[in-house]
Structures are given as structure tokens and as C-alpha cells.
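In the text below, chain A, chain B and the rest are named by the order of the sequence lines, each starting its count at 1. Keep in mind it's a predicted model, so treat the numbers as computed, not measured.
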Amino acid sequence: MKFVATVGGQPETVEVTGEGGRYRLTLGGEVWEVDARLTAQGIYSLLIDDVSHVADVTDQDGACVVDVGDETYVIQVEEETRHIIRTKGGAAGGHAHQTLAAPLPGKITHVAVKAGDTVEAGDTLLVIEAMKMENELRAGGPGTVAEVRVQAGQTVNAGDVLIVID
Amino acid sequence: MKFVATVGGQPETVEVTGEGGRYRLTLGGEVWEVDARLTAQGIYSLLIDDVSHVADVTDQDGACVVDVGDETYVIQVEEETRHIIRTKGGAAGGHAHQTLAAPLPGKITHVAVKAGDTVEAGDTLLVIEAMKMENELRAGGPGTVAEVRVQAGQTVNAGDVLIVID
Amino acid sequence: MTARRIAKVLVANRGEIAVRVIRACREQGFASVAVFSEADREALHVQMADEAYLIGPPPASESYLAIDKLVAVAKKAGADAVHPGYGFLAENAAFAEACVAAGLTFVGPPPAAIRAMGDKTAARRIARDLKVPMVPGTVEPVASDAAARQAAREVGYPLMVKAALGGGGKGMRLVRQEAELDAALRMARNEAAAAFGDGGVYIERYLPEPRHIEVQVLADAHGHVVHLGERECSIQRRHQKLVEESPSPFVDAPMRARMGDAACRLAQAGGYVNAGTVEFLVDADRNFYFLEMNTRLQVEHPVTEMVTGIDLVREQLRIAAGEPLGYAQADVGWRGAAIECRINAEDPFNGWLPSPGTITGLRAATGPWVRDDSGVYEGYTVPRFYDTLLAKLIVWGADRAAAIDRMARALAEYKVVGVRTTIPALIRIVKHPDFCAGRLSTGFLDRIMPALRAAEGRRRSVAVIAAVLAEYERLGRRTIVAPPAPTSDAWRWSHPRGWRRA
Amino acid sequence: MTARRIAKVLVANRGEIAVRVIRACREQGFASVAVFSEADREALHVQMADEAYLIGPPPASESYLAIDKLVAVAKKAGADAVHPGYGFLAENAAFAEACVAAGLTFVGPPPAAIRAMGDKTAARRIARDLKVPMVPGTVEPVASDAAARQAAREVGYPLMVKAALGGGGKGMRLVRQEAELDAALRMARNEAAAAFGDGGVYIERYLPEPRHIEVQVLADAHGHVVHLGERECSIQRRHQKLVEESPSPFVDAPMRARMGDAACRLAQAGGYVNAGTVEFLVDADRNFYFLEMNTRLQVEHPVTEMVTGIDLVREQLRIAAGEPLGYAQADVGWRGAAIECRINAEDPFNGWLPSPGTITGLRAATGPWVRDDSGVYEGYTVPRFYDTLLAKLIVWGADRAAAIDRMARALAEYKVVGVRTTIPALIRIVKHPDFCAGRLSTGFLDRIMPALRAAEGRRRSVAVIAAVLAEYERLGRRTIVAPPAPTSDAWRWSHPRGWRRA
């Protein structure tokens, strides 16, 4: 079975065979023989060439966040076919870039922009209060505010689209 | 829904209603309002009249072993109808008393009796080696050995019938 | 004063500190009474207490900050004492008064001492009178934005806006220039009001990269005061402590004696009784400036416990019962070094954004000289209503180097799956050469933040293998493939880098 | 002797002690190499080590006792040292020799010292020559059943049959009269051969209800020997320790000095290097009799660590590397009291019958001064091939009373679901007035065993409610109802009460 794993914007193809704890993976031109056990929810024990690794895999908005040793990676894993379809139809992906979704549930305490405003990277878009903290959400890049879907005082859930930017 | 809970040979009827963490139970003529949550596999948090209890429930050969505080109970829980049927047809139950089943997996290192032997309470029947210990299994009451189904050196699984006694 | 009998203690808090107090009660044979909001029925402190009472809806203002409800539960449960923990009402004099008025023993200082020392501005007036050096700034809360601007000009920029009540870094903002003042005042007041029920703030000069070093004091009701040495708490993010240790690598015996003496004099002047902490800022020349006194148990109290062998919560309860300390300053001894790391549900790779959710997998560090003061368990859902602290990981070592090695080992063992935590950042901190060399400052973390970004490390291939196998096994179990979540790209937009500039 | 470089350590063991050693290696910056049998792929030590090698089928004789395989893996992995832990090959001189012959540093005493002290009969000859008092019995293994009967008549009944090698209570049997001797010899030899690869046994007079008190010694390769005080290990079942503590409530400073001196002299006479333990039996008049020397780390070493602050595994590795101790007897200090409880997969209500199986729920005790040295995790399946020890729960307190209160608290927190454990028995032990008063003896547990039976306690109704709700919820989720297990009645037959009489 073939997958595409995307790390830091770099996609790479990974082929997997095997089952029941013993797998063979091909990535980066190399073949890896892996003895993998799920020892607890999301905690994998991997033996690769007699080297022992413990990797924690957490699903976060459809991406895998993997902690191994003192390193953390955010990895998007898709079946190869799905990856090809998604990247062909790039426009949709492009638009997805233009939405600011709530990264966590909370209360909007301040909205700093309105439709029509132009923003630069680092500009405060709004402030969301959660877990006794006021969290400023700022623009990651330049753009024009197309739509503001929330107002101060409103409670939002994780994933709610807050602001759309052209 | 009605159950019969048997503790130390004493059966008592328990009626339960409710769901989603809030229950009403009738036992011993009393009504108990219980807020119960399964906080982990087999670990229950119970709030009864604002008193907090944590009860560990382990299934052991079809019986519930319940640890609460520093007390441990072995409790057989059956639907009331099933209990009535089982206790009516007592003969089968009677025979069940006459089998010595392996309480744990291991290796038989010694068989002390043969068919036809009469045994008294406390007589050694056989020795099973498990977890680096030699465990002597002894008769809990008097009887005559009808059948010895294992021999020294043989490996057995938990529940295997080892000896039948009339 | 006369001894007060304590047999049953209401713990007016939640999370790890409620668990900590309940444990101390159990060890001393006191019954414990927990309180919980509708969001906390399955919280660990509810399970560990002898009794547990629902006190209201999730927002703290309707539950853990509701003085009347707490006092009513204490009376209903037949408790004779109330332990406030830290945060919430721990430094609220009105709560202490309400307990006393209801005939309950408040496990903490007398209301007057909370007012005198707990109010940062009042404490600064006492320090001024005792000639204890302190950071320049206002000794009164600022009445209005206009008054704040005026005071700010006198103090000079950059400056700090701070909540007059409370602590724990909440209601604090750094202001570099006047343009940022209004926003800082608003956010500080909001946070202070939400956290402590009082929006009063004051202004203080900003010291660049100071060390944050605090002294633990114990005062009984019979006039005895001792200090248990210092804790260094310089590793902070969002002005909140992340790593604390005792002793401080920067403090030698004479300096410890000087700071301890100043702390004891402040406590005595404020009529202080019970456990308290005097916080100082220390500059590179080892000058220390009084910052504030926390009239409560500190989050980081365990590091003092590990080096002195003194159980601070046990002492709090003994003192509240009217018992004398029973030992003098000369009897207090220190052995080895202790470090605490705070494990919070926050994403260090995303501006410390809070990360509520369900802990699907948990394996805490254990073993030799490792202490886990935790308020969570596997399967527990971290609610979004309260602060992000999940657990405190504390280690002891024969010396600081041994403690650091042990902490690195323990952090690597600590597995939390389902929510993001500060653990990856903590691992980098304790392995950082500056930390190992004791070169600490409150600016340390901002300096090393860039290094916190997920690296192209040597375990990249292992991570990819784990992620792909997880998906491979998931597909094996399921017929429908989950679509890629549409919001995943939004992350790129939601880095609140602002905290780094704050 | 010259210093030996240690950079990579093979841990020739499994379970909690393998984890303990791996942690020490990590804290000192040594790479660790685990070995595992086919039954242990998912064991914790495999996950925690840097490398892990499969060494054979589940039976220990084909894996953890296979000297050639272990040495081969050490060479293949490029390890320069081998730590044997306890049990298995820890006291096997041939293994130590094989390591040395392969150019590996054995983290333990030299082979000659293992032979001299590890062989109980040889050690008894040394003690005799040093005039250290000891229990009457043979100073040679008994050659045959006939010879055993002869020796037994001289020693007199009741007597103990003991394995010449090994320890940990395996290969030990109490014999009250000659009729029981043959069976006892057979079972002792079987257990000894299975556990230590040597079936040799000797005979010793049985002392009624003695105290079991042992002294920890550390000897470096430069002739320095110190003792770290005693541990009392009188609470035993099946001649295996269940609860240990340091200091002993029965030992005062002068007695500690006398026992410590005897222990150090024995170690020196045996040419001993590294960590070792000298075991004594102590009668009601405070007379102590040399029992045996364990030439290895003890299961219960943590209680000594907690009161002295000395990391024994770290010291073992330092000594093995040729470093001098660096401190003298006068530098060894003691603070407070520590207690260890062994959490084994055994059913205390069913004659300590082993209870292998899957740990479906686990919540270990944590918090102030609680140490959990565990080899298991939630979801782990306890294999039936190895001993029953799951974890060691250790607490420290400012004094013995505080430690007991803390242990009672910690035991009540410790939740293990899926296998039966010793926890319910341990709770009763630490709450027993005799234990709290320090009235201990190796007969203590047999005395209180009747009280261990599940009581008609005040929480009976709560237990019934929990059991019924579990079934009620289970039925709600499932359409088919599981039939009552046919073997449930067989339990009545399978109480191995014999252990109580043994």
C-alpha cells in the first residue's frame, strides 16, 4: 500500500507491506524492516535494526503529530491516490489557506479587523479567551479581510471559521 | 432490570434503573441514588449521597472481584431469571463442585493422587508450577478421586479440568 | 492563641493542587471534602476525596470563585477547615473572612495579612517602610487609563502592568511604548478580573532579563518565623513559571541568609501566619528587589519539600490548627537539588496555545527520586474552562547536575497522547547549555524559542514510519477513509507569535 | 586497578529491575542494551532501552539464563559492560567469568567473590572463621537425600532447606518433621535449578519468628568499604519479602554500628567489590546471626536510597568503572524513614496464587515522596514464565509514622485491574497495630492471614452496586449474555492453603 507523507511541506512516497506487528516500509529509496507494537493508545514501540524507539502519535486536525525522543514532527499522511487528486485540484487547497479557523474552543474577546481591512503578517486579527488565557491570533501573511464571521463575546468551537481573507 | 448478586453464598436481589451515569438501585429494601462514571477500564467513580468511592471491578472466571477502599469482595452477578433457572437445576451445579480446574496456566510438576484414592480436606492433589513458584493445589473437602486428567510434565491452561472427584 | 481542632477539610480548589491537599489530609487522618463544577465530575480530585459536592456551572465565577456556595458546602459537609490551594480564592481576603465568620478554620494567613501582603501595592508600601529594596513603580492601583498613562511616564518605558491581586503570571503585560498601554491595561484587567475577581492593576518598571528568585517562609501563630531557602523560577513563558528549582545556582549561603532575613522581616511586619512566599527580582550583580508576597502555597512548593524534607501542606494544616512550628531556623537543613517542570496542555510549537481535549494515552515518568504531582489520568478530558496545568514533574538529585540528568530522563519517559503539552519544550530547556550552566533569566525562553521549532532531526524517518503505520493500521480497521480535515491549513494562520513579542 | 571505560551497558534482566538499571544508565549518559525473550517483546524494559535484542523462547533457561546468548549480544551490540540486575544470573560466577573473558566489565563483584560469598555454604565457612555469629547448620551442600536426613537429625527439626545459590526466597522450604523432608528437598531443588541453574541445597536450623535484618555495603576496587545501614525485611510470605523498611524500628545506633562492622568485615574477607548485602536473623534479645550474603543489588535497595540519598545503581556503575567511592563511613548520613511494598501479581485471598494476565486498568500511586519502581503499564500482559513482581511502591517520611501514613495513602491510590495483586494484603499490613508498633517477625503475615479474608465490611453495599452496574452496563452494550463460567466453583477446591502451613 502506498502513502504520501508530507513533513514541513516536503511530500515523500512511502510503501508499506506486512501485518501483525511486522512491517516492511520503503521510503527515501531505503527498505526498513520494522517490528511495531501499539503498547497503549497512540504509543508505539518500534524496533528497527535492534534500535528501540517509542513514538507518540496524536491526531491533530487530520495531521499526525509525532513525538519521538525529544523531536516532534507534524506529518500529513494520505493514500497516494488521494494525494494526487488533492494536489491536482490545487485551487481548493489554495482557498483553504485563506481561512482563519478557531484553533481551540473559547470565547472571542476582541475582534481587531473588519471586512475590507488589509493586513500584514503579524497583525492581530482577533483575541480568543480559553483556559484563563487571552490568545491573540495574528495574520501569518499579507491579505485583505473578505469576511469576519464572529463578534466579540461569541463562543466558538475548534475548527469554526472566524475570518476569511482574500 | 433485576439482578441477583451473590456475596459469600448470600444471594440478594438488586433492581436497577437509569442510564448515562445516573442510576437508581434498590437493594436490601433501600433505594440508592448513584452517580457512577467509568473513569478507566474497570475503575468506577461512584458518588452516593455526596460520598465519593472508587471501585475496581475485575472479571475473574465469571465472577466480579470488587476492590473498594481496603475491602475486596467476590460477587457473582446474574440476571434474576438466569439465577432462578440455575438454582432450580441444582444437580449440574452440584457436579461442578467436583472438578478441580487449573486456576492458572502452568506446568504440572507432581500429581499426588490416582483414580480411586479417597482424599480429605487439605490433602495435596497436585502441584502446578507457574511464575517460578510451585503451587500446591489441595482438596477443599473430602471425596474419592474419580478421574485424573493430567500427568506430571504436562502444560495446562487456566480452566482446564485436572481432576474429577465423586 | 488556642488550638483549633481539625478533623475534616474542605478543599476549595481543583486539579493537581486539590489532589495534593487531599493526599496531605489523608496522611494526617483528616477527612477531605472536594467541590466540583459541572465540568469536573470526572476530575481526579473528586475521585480521591472522601466526599464531593457539585457547586455549579463550569465558569469559575459560578463555582470555584463562588464564596457563598463554598462556605455553604463546608457547613453542610461538617468541615471544620478550608484549604484554598493556590489561584481562585487563595489570596482573597473576603473568602478568608467568610470562612472565619462561618466558624471555619482558614488554612492560610489571617484576612488582615492577606490584605496587607496579598495586595501587591499594599505590600510594596510595607517593603518601603522596612527599607527592603524594591522595583520602582506605583504603590497604589492605577485609578484610570489616564492615571496609568501619567504614572507610566514617571516610571518610564518599558514597564510592566500587573494585577494588584493574584499571581501566577495572570493579569500581567509588558508594555514597551505608550501606544501599547491601553491594550495591555484592557487584557491585564480582563485576565485579573476573570482569575481573581478583581481588575485592579499597578505599574512597575521593567527589569531586562532579571532572575526570579523567591523565598519560602513558614510562620506559626506563636510568633515563630523560619525560611526554607529559595526557589529560582526564572524560566517563564507568558510571564508564567515553567521550570523551578531549589537551591538557586545563583545564590550562595550569605545571599540566602540575607534574602531569608528580608523575607522573614516582611512576613513579621505583615502579621503573617502560615506558609508564604516572598518573591524577588535579582539582577546580574546579585542585587535583589522585593517584587511581591504570595500569601498562599506556591505551585512550585515541591522543590523546597524535596531538599528540606519538610511537607509544606502538612505544616500548613499544623499551623492552622494552632500548633507551634517546633523547630528553629538552625534546624532547617538542605540536601541535594530539586527541579520542577510544569506539564501544561499547551502547544509550545504554536505559541503556547492552550490544548484542551481528551488524554487518550498517558504514561507518567516514575522511578528513583521522581515525583509526579498530577491532576489527570488516562481517559480524562481536559476542560477548556480552567488553566492548562496538567501535572508537575519534580526530581531530586544529589547535586544540580544529577537532578538535571534525572529530569531529562524523566521528561523523555513522560508520554501524553491526545493533547499537546509543554514536554518537548521542557526537554530542550533542561538540555540547553545555558540552563545546565545555571545561566538563567526570565528572558531565557524567548531567546531559545526559535530552537523549539520542530527540527529536521535524525529521527525524522522514524517519525514518518510511525505516522504511516498508524494510518496503515487505521485503514486496516476501517472501511471509510476520513477526509483530510479542511482546517489543517488554518494552523499556518493561527500562530499567536504575539506572545513572543509580549 | 585501572579505570575501565563504560559507555554502553547490556542489562541482562527484565521487569522492573531492568527498567531501574536502564534509567541509571540514561541518567549517566550510558547507552543501554535490553535483551528480551519471545514473551517479552512488549515489556517495558524493551521500550525504554536504546537497543533491544531477542535472545530466545520464553523459558528463562533458553533466554535470560543463556550465558552464551547474552555474551554474544553484548559483543554484537558493542556493549562494554553488563549489569545482571538481581535473580537470573546475578549471582552466577560462571556468568561473571564469561563476561570478563569476553572483555566485558561485569557490574558486580569479581567471580572469586561471588564464589566465596554468593555460595551460601562457602560464606558460612568465612563467617565461622571471622567469628561472626551464624545460624547452626551445614556448611556444605547436602550430597544426597540420605546425607540430608543424616544432617537434619544433627541440626534437629524444625529446620530450613535452602538453595546454596540464589536468594529471593526461591528454593527454600520449612521442614517440621522428617516425613516432610523428601518432598521439601525435591521442591527446593526444582525451584533452585529453575531459578538459578543449580539445584544444590543446604540445611539450617529454623529460628521461630526471627526478624530478618540486612546491611547494605558498598566496596570499591581500591579497598574502601562502607555500610549504608540496615533494612528490615521481616514481612514475608512464602519466605519471600513483601514489605521492607529502613531504618529498622528494632535497631539503634550502637547495634547498627555493630552489624555494619560485621558486614564490612565479611565483605573484606571475601575480597568483595561493588554493592552487596549481608543478611542477618535477629532474635528478640537483639542477638544477630549471619544468614547469607547477597552478592548483587537487592530488590529492596530503594529504601536505603531514600534515607541515604545515595543512588545504589549509579554507585554500582561507578565502582565497576574503577572509580573510588570518594566518601568514608562518616560521610554517610540518614534522614527520615522509607518503606517499600512489593506489588506482585498474586491473589492474597487465594494462598498467594500467581495471577498472570492482562492489566486492563492501571493507575499507580504518585505524589509527595512516593516512588513507583514499576515494570508494567496499562495494557501490558503479565507473562506466566517469570516471577510475579509487577512494581515496588516506595515512600519516604520524616519519621516511621509519617512513612506508614503515606504508604497507606499510596496503597489506597494504587489501582490495578485485570490481575489480582498483593495490594489488599499490603493495606491490611501497614494498618495493622503490630506493624505500626514495629512488632515485626517473619511469622507476622502467617499470624494475620486469617484477617486477610474478604470481610463483610462496611463498603459491602458499594461493592454490590459497582458489580451490578458493571453488569448492567455490559448488558446494555451486548446482545448475547455470557454464560456463568463453569469453573467458578472450582476455586473452592484450589485454595493452596498449603502455603499457610508451609
Side-chain angles (χ1 to χ4, degrees), chain A residues 1 3 5 7-8 14 16 23 25 27-28 32 34 36 40-44 46 48 53 55-58 61-79 86 96-97 99-101 103-106 109 122 124 130-140 159, chain C residues 170 187 190-191 194-195 238 345 349-350 353-356 360-361 363 384-388 412 415 417-418 420 424 427-428 431 454-457 459-473 475-476 481-482 484-499:
Chain A
M1 189 160 190
F3 297 90
V7 191
V14 185
V16 191
Y23 308 90
L25 293 87
L27 66 150
W32 303 68
V34 181
Q41 186 63 37
I43 302 177
Y44 287 84
L46 305 175
I48 306 173
H53 306 274
D56 309 352
V57 182
T58 305
D61 306 293
C64 288
V65 180
V66 182
D67 290 296
V68 54
D70 60 355
E71 298 167 12
T72 302
Y73 299 87
V74 179
I75 305 174
Q76 189 101 35
V77 180
E78 305 161 282
E79 284 179 272
R86 185 174 66 83
H97 286 214
T99 64
L100 170 60
L104 77 171
T109 55
T124 298
M131 301 185 89
K132 296 165 76 181
M133 278 291 164
E134 301 237 327
N135 307 284
E136 295 182 44
L137 303 192
R138 296 179 178 230
Chain C
K170 292 184 192 57
M187 282 196 283
N190 288 348
E191 281 185 19
R238 291 180 157 190
F349 303 122
N350 195 20
L353 198 66
S355 178
T360 54
R363 200 177 295 165
R384 65 179 185 83
F385 302 97
Y386 313 110
D387 73 22
T388 59
K415 307 291 179 192
V417 182
R420 302 306 301 156
I427 291 174
R428 285 166 173 72
K431 288 183 173 178
E456 288 294 293
R459 295 203 179 82
R460 186 181 192 280
S461 297
V462 175
V464 170
I465 287 167
V468 169
L469 286 178
E471 180 69 4
Y472 179 72
E473 283 296 314
L475 293 178
V481 178
T487 66
S488 53
D489 285 330
W491 281 90
R492 209 174 301 161
W493 287 90
S494 59
H495 293 317
R497 301 187 199 284
W499 292 120

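Remark: A/Phe3 CZ to A/Glu78 CD distance equals 11.0 Å, nearest 0.5 Å.
Among A/Ala55, A/Ala5, A/Pro105, the residue with the largest count of heavy-atom pairs under 4.5 Å with chain C is A/Pro105. Among the candidates A/Leu46, A/Thr124, A/Thr109, A/Val68, the residue making the largest number of heavy-atom pairs closer than 4.5 Å to chain C is A/Val68. Counting heavy-atom pairs closer than 4.5 Å to chain A, the top residue among C/Val468, C/Thr360, C/Asp387, C/Ile427 is C/Val468. Comparing C/Ala463, C/Ala466, C/Ser461, C/Gly361 by how many heavy-atom pairs each has under 4.5 Å with chain A, the most go to C/Ala463.
Looking only at atom types and distance, the side chain of C/Glu473 has a donor-acceptor partner in the side chain of A/Tyr23 under 3.5 Å away.
Minimum interatomic distance between A/Met133 and C/Pro354 (heavy atoms only, all atoms of both residues): CB-CG, 4.5 Å.
Using a 4.5 Å cut-off between heavy atoms, A/Val14 touches chain C through its side chain atoms alone. With a threshold of 4.5 angstrom between heavy atoms, A/Val57 approaches chain C through its backbone and through its side chain. Contacts of C/Ala467 with chain A are made by both backbone and side-chain atoms, with heavy-atom separations under 4.5 Å. The contact between A/Asp67 and chain C is made entirely by side chain atoms (from C-beta outward), counting heavy-atom distances below 4.5 Å. For C/Ala194, no part lies under 4.5 angstrom from a heavy atom of chain A.
Between A/Lys132 and C/Glu191, no side-chain nitrogen of the basic residue sits less than 4.0 Å from a carboxylate oxygen of the acidic one, so the salt-bridge criterion is not met. Classification of A/Asp70 and C/Arg428 as a salt-bridged pair fails, no side-chain N sitting under 4.0 Å from a carboxylate O.
Of the possible donor and acceptor atoms, one in the side chain of A/Glu71 sits under 3.5 Å from a partner among the backbone N and O of C/Arg459.
Residues A/Thr72 and C/Arg420 meet the side-chain proximity criterion, which asks for heavy atoms closer than 4.5 Å.
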